[in-house]
Amino acid sequence: MNLFSDLRGTVIAALDQMTAEGLLPEGLDFANVAVEPPRDPLHGDMATNAAMVLAKPAQKKPRDIAEALADKLRADDRITEADVAGPGFLNMRLSPAVWQGVVGTVLTQGRDFGRSDMGQGQKINVEYVSANPTGPLHVGHTRGAVFGDALASLLDYSGHTVTREYYINDGGAQVDVLARSVYLRYLEAHGQEVAFEDGTYPGDYLIPVGEALKDKVGDAYVDQGEEVWLAEVRDYATEAMMELIRADLGLLGVQMDHFYSEKSLYGTGRIEAAIQDLDAKGLIYRGTLEPPKGKKPEDWEPREQTLFKSTAHGDDVDRPIKKSDGSWTYFAPDIAYHYDKISRGFDGLIDVFGADHGGYVKRMKAAVSALSDGKTPLDIKLTQLVKLYKNGAPFKMSKRAGTFVTLRDVVDQVGPDVTRFVMLTRKNDAPLDFDFDKVLEQSRENPVFYVQYANARVHSVLRKARDAGMAPEAGAPSRADLAKLDHAAELAVAKKLAEWPRLVEIAARTHEPHRVAFYLYELAGEFHTLWNRGNDLPELRFLQEGDRDTSLAKIALARAVSVVISAGLGILGVTPVEEMR
RNA sequence: GCACCUGUAGCUCAGCUGGAUAGAGCGCUGCCCUCCGAAGGCAGAGGCCAAAGGUUCGAAUCCUUUCAGGUGCGCCA
């Protein structure tokens with residue numbers, strides 16, 4: 001149920017009728033006719049641009065079309081007023097019964113109010129996190145994890161069939177580095193002095209891995225060359241890191257459907273198959289790239305390489321897929337991985353990357369476009385940096401100094417719910433400030449608190465109602481009861497509730513889950529405003545002594561707010577609380 | 001040098017497939033709050049939407065150019 005699309009249907013029907021009556025020419029395209037909430041509530045509840053959009057093709061004055069349309073719409077009993085304004089806007093005011101009905105609908109449908117079939121069951125693959133399996137997840141990964149997870153939930157809620165996927169980069173040189181680093185910790189566990197040189201990972205988190213390796217193989221690898229232990233240690237260490245990462249994700253409540261190993265692509269002919277597909281399309285050739293202008297690498301020498309003609313699909317330069325020694329570049333398995341995704345029959349792909357991978361977007365899109373003949377859309381969402389603050393001062397992270405803040409650090413300090421919500425209080429491509437103190441503050445400044453507090457207040461009302469002997473959670477009340485919700489402040493809350501399904505669709509279409517967080521903040525704001533007005537106007541309080549029916553109607557409104565907040569928080573992966581404490 | 005992202009109130013940021021007089025929080029100013037629902041509330045001031053062109057009934061939104069900040073740019077992933 002989406003009031004806005006319902007009303008758009010009504011407007012279109014009226015336009016069809018006008019066409020039948022000869023007021024509009026045949027064959028007009030109504031696709032651009034929109035029904036939206038006006039920015040200024042003074043303009044009414046709904047506005048349509050129909051007259052302005054159709055004026056030109058119909059060769060009529062916008063105001064004339066609007067007047068005729070208004071006449072038709074006034075016949076609808078949901079519409080109490082229809083006025084022409086400005087250049088040809090048609091403003092409509094809806095009967096209170098419409099808004100009261102929204103409350104009933106929310107309570108009947110529960111958290112499914114807002115769920116839509118917009119996605120028509122399309123299969124969407126959302127790939128996110130995909131951190132190298134060389135250490136614990138840090139704050140940057142955390143943002144990607146929360147964003148990707150919320151986006152996946154949002155798409156699911158709007159009628160898509162979603163697969164959550166993590167690509168394990170376990171095939172490149174970095175896992176050899178990991179293996180050597182673990183080997184050093186292994187030697188250390190045997191009592192040897194070791195030095196961590198550049199190009200190794202000195203983090204403490206590898207100490208237990210080295211010790212565990214010792215427990216497993218004893219001294220079998222001590223004083224042995226790499227040819228003896230590298231492959232084994234690599235597998236062992238990678239698996240240990242993935243366990244660590246899975247545990248980190250678990251702290252946040254992120255549950256992947258699928259972990260896809262890069263290594264599994266090697267030696268199976270799948271990379272070759274993907275490249276052959278491109279080759280068959282004439283997109284693979286031997287050639288030499290120009291050096292980048294402005295920035296001249298010291299050791300630049302022209303070299304002939306095997307290149308993918310990504311420029312044929314919108315990239316700026318062609319990209320190498322083989323190193324000069326004949327082995328694959330990192331790009332080749334990525335192509336194969338996306339080839340695999342395409343062949344698994346997804347209708348759409350989404351990759352969530354950190355902003356430092358921005359330079360990778362065009363070539364990946366080019367690859368997917370080429371491999372799918374332009375049929376499988378790929379959207380790549382970049383998550384910007386997270387800046388940490390503690391006690392009002394920036395918190396510098398340095399991987400080298402070992403002072404980087406992990407996902408676990410953050411979740412341990414503020415909890416998964418706060419972490420998740422705060423990570424979504426900015427759109428993905430804007431940098432995010434994360435202040436450890438502010439996110440726990442109990443004030444209007446803090447959206448996490450503000451939204452949770454609204455929900456807690458609803459439950460406070462419910463508790464009191466139960467104490468007073470009412471059964472406040474007994475389904476949707478009758479229309480007659482809901483008609484008691486007649487105050488503008490109450491209707492304002494109901495109007496906000498009515499926006500929820502529309503907001504979900506917009507957020508899902510634009511792949512922007514932060515819109516859900518902002519909406520919840522606004523809804524909470526409307527609710528708190530109503531609550532606060534109860535201070536001055538006792539008749540706006542949710543519990544009306546001695547008037548059970550009115551109380552139940554008001555409680556229904558409060559419950560509806562809680563339902564939508566819970567649904568929204570559910571998409572964000574945040575647990576609604578019933579008490580603040 | 002090139003590509004991508006960003007530029008909106010003093011600060012931090014929203015702003016829908018292009019819609020009307022551009023919004024919120026903080027800060028600021030004023031008022032209210034011993035208690036009955038204040039981990040506050042109400043009201044107000046505050047804007048050349050980085051700049052200039054263009055597209056059109058209409059632009060913060062789309063296009064072009066410029067400026068500023070960030071990120072990235074062959075044999076790392």
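Residue numbers start from 1 in every chain, and the chains themselves are labelled A, B, ... in the order their sequence lines are given, proteins ahead of strands. Note that these values count all heavy atoms, side chains included, but never hydrogens, waters or copies made by symmetry.
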*Identify whether any heavy atom of A:F89 sits under 4.0 Å from a base atom; if not, whether one sits that close to sugar-phosphate; answer base, sugar-phosphate or nothing.*
base

*Flag, side chain of A:N532 to backbone of A:H528, donor-acceptor distance under 3.5 Å*: yes

*Tell me: NZ of A:K427 to P of B:rC16, nearest whole Å?*
8 Å

*Does the side chain of A:T383 come under 3.5 Å of the side chain of A:N428 through a donor N or O and an acceptor N or O?*
no

*What's the CD-P distance between A:E512 and B:rU6, to the nearest Å?*
10 Å

*Of the listed nucleotides B:rC57, B:rC16, B:rC26, the one nearest the side chain of A:I506*: B:rC16

*Position toward the 5' end of RNA chain B (nearest nucleotide), A:H357 or A:P538*: A:P538

*Euclidean distance for C1', B:rG47 against B:rU21 (whole angstrom)*: 13 Å

*Would you kindly check whether a donor in the side chain of A:Y453 faces an acceptor in the base of B:rA39, or vice versa, at under 3.5 angstrom?*
yes

*asked:* I'd like the P distance from B:rU55 over to B:rG10, given in whole Å.
replied: 32 Å

_Whole-Å C1' distance, B:rU66 and B:rC28_ = 36 Å

*Mark yes or no for whether A:K554, through its side chain, and A:E539, through its backbone, hold a donor-acceptor pair below 3.5 Å.*
yes

*Rounded to the nearest 0.5 Å, how far does CZ of A:R541 lie from CZ of A:R533?*
13.0 Å

*Using distance alone, with no hydrogens and no angle criterion, decide if A:D334 and A:Y167 have a side-chain donor and acceptor under 3.5 Å apart.*
yes

*asked:* Just to be sure I understand the geometry, which residues of residues 315-332 of chain A put a non-hydrogen atom under 4.0 Å away from RNA chain B?
replied: A:D316, A:P320, A:K323, A:S324, A:Y330

*Distance between P atoms of B:rC63 and B:rA59 (Å, rounded)*: 16 Å

*Select from A:L432 and A:E304 the residue whose nearest nucleotide in RNA chain B is closer to the 5' end of that strand.*
A:L432

*Which whole number of Å gives the distance between the C1' atom of B:rC11 and that of B:rG46?*
13 Å

_Whole-Å distance separating the CZ atom of A:R8 from the P atom of B:rC16_ = 18 Å

*Any pair with a residue in residues 167-180 of chain A that passes salt bridge (charged side-chain N to carboxylate O under 4.0 Å, His left out), sequence neighbours left out, goes on the list, sorted by first then second residue, please.*
A:D176-A:R234, A:R180-A:E226

_Electrostatic pair A:E522-A:K496, nearest N-O below 4.0 angstrom_ = yes

*With a non-hydrogen cut-off below 4.0 angstrom, is A:A355 in contact with a base, only sugar-phosphate, or nothing?*
sugar-phosphate

*RNA chain B stem ranges, 3 or more consecutive Watson-Crick or G-U pairs under 3.5 angstrom*: B:1-7 with B:67-73, B:10-13 with B:23-26, B:28-32 with B:40-44, B:50-54 with B:62-66

*At under 4.0 Å between heavy atoms, what does A:E301 touch on the DNA or RNA strands: base, sugar-phosphate, or nothing?*
base

*Considering only heavy atoms and no angle criterion, is a donor-acceptor pair shorter than 3.5 Å present between the side chain of A:D334 and the base of B:rA77?*
no

*Look at the side chain of A:R303 and the base of B:rC75, then say whether one donor and one acceptor between them are separated by less than 3.5 Å.*
yes

*A:E165/A:K341 salt bridge by N-O under 4.0 Å criterion*: no

_Nucleotide nearest A:F518 when distance is taken to its side chain, options B:rA14, B:rG74, B:rC26_ = B:rA14

*Distance between C1' atoms of B:rG53 and B:rU71 (Å, rounded)*: 29 Å

_Protein-nucleotide distance (A:M364, atom CE; B:rC4, atom P), rounded to Å_ = 18 Å

*Over how many whole Å does the gap from A:Y521 atom OH to B:rC26 atom P extend?*
7 Å

*What does A:A47 touch in the nucleic acid at a heavy-atom separation under 4.0 angstrom: a base, only the sugar-phosphate, or nothing?*
base

*NA contact type, A:Y450, heavy-atom cut-off 4.0 Å: base, sugar-phosphate, or nothing?*
nothing

*Check every atom of B:rG19, B:rU17, B:rC4 against the side chain of A:N49 and return the nucleotide holding the closest atom.*
B:rG19

_Just to be sure I understand the rule, does A:E522 reach a base, reach only the sugar-phosphate, or reach nothing, if contact means heavy atoms closer than 4.0 Å?_
nothing

*Closest to the A:T510 side chain: B:rG25, B:rU17, B:rU12?*
B:rU17

*Mark yes or no for whether A:E490, through its side chain, and A:L557, through its backbone, hold a donor-acceptor pair below 3.5 Å.*
no

*Between A:T311 and A:D316, is there a donor-acceptor pair closer than 3.5 Å when you use the side chain of the first and the backbone of the second?*
no

*asked:* Measuring only the C1' atom in each nucleotide, how far is B:rG1 from B:rG19? A whole number of Å is fine.
replied: 40 Å

*Taking atom types as they are modelled, is there a donor-acceptor pair under 3.5 Å from the base of B:rC16 to the side chain of A:R502?*
yes

*asked:* Can you tell me which nucleotide in B:rG15, B:rG19, B:rC16 comes closest to the side chain of A:H514?
replied: B:rG15

*Atom pair distance, as rounded to whole Å: CD in A:Q305 and C1' in B:rG74*: 5 Å

*Rounding to the closest angstrom, what is the interatomic distance between B:rA24 and B:rG15 at atom C1'?*
10 Å

_Tell me the interatomic distance from A:K56, atom NZ, to B:rG58, atom P, rounded to whole angstroms._
9 Å

*Considering only side-chain heavy atoms of A:T529, which listed nucleotide, B:rC26, B:rU12, B:rC42, is closest?*
B:rC42

*Side-chain donor/acceptor of A:N91 to backbone N/O of A:A47, under 3.5 Å*: no

_Over all strands shown, is A:N169 touching base, sugar-phosphate only, or nothing at heavy-atom distances under 4.0 angstrom?_
sugar-phosphate

*For A:D351 and A:H357, test the side chains for any donor-to-acceptor distance below 3.5 angstrom and give the result as yes or no.*
no

*asked:* My understanding is that only residues two or more places apart in sequence, or in another chain, count here; which of them pass salt bridge (Lys or Arg N to Asp or Glu O under 4.0 Å) with A:D235?
replied: A:K263

*Geometric class of the A:Y360/A:F331 ring pair [parallel <30°, tilted 30-60°, perpendicular >60°]*: perpendicular

*Can you name the residues that form a salt bridge (Lys or Arg N to Asp or Glu O under 4.0 Å) with A:E441, not counting sequence neighbours?*
none

_Without decimals, in angstroms, what is the distance between A:M46 CE and B:rC16 P?_
18 Å

*Counting only non-hydrogen atoms, which of residues 61-68 of chain A are less than 4.0 Å from RNA chain B?*
none

*A:R515 near the nucleic acid: base, sugar-phosphate alone, or nothing, with a heavy-atom cut-off under 4.0 Å?*
sugar-phosphate

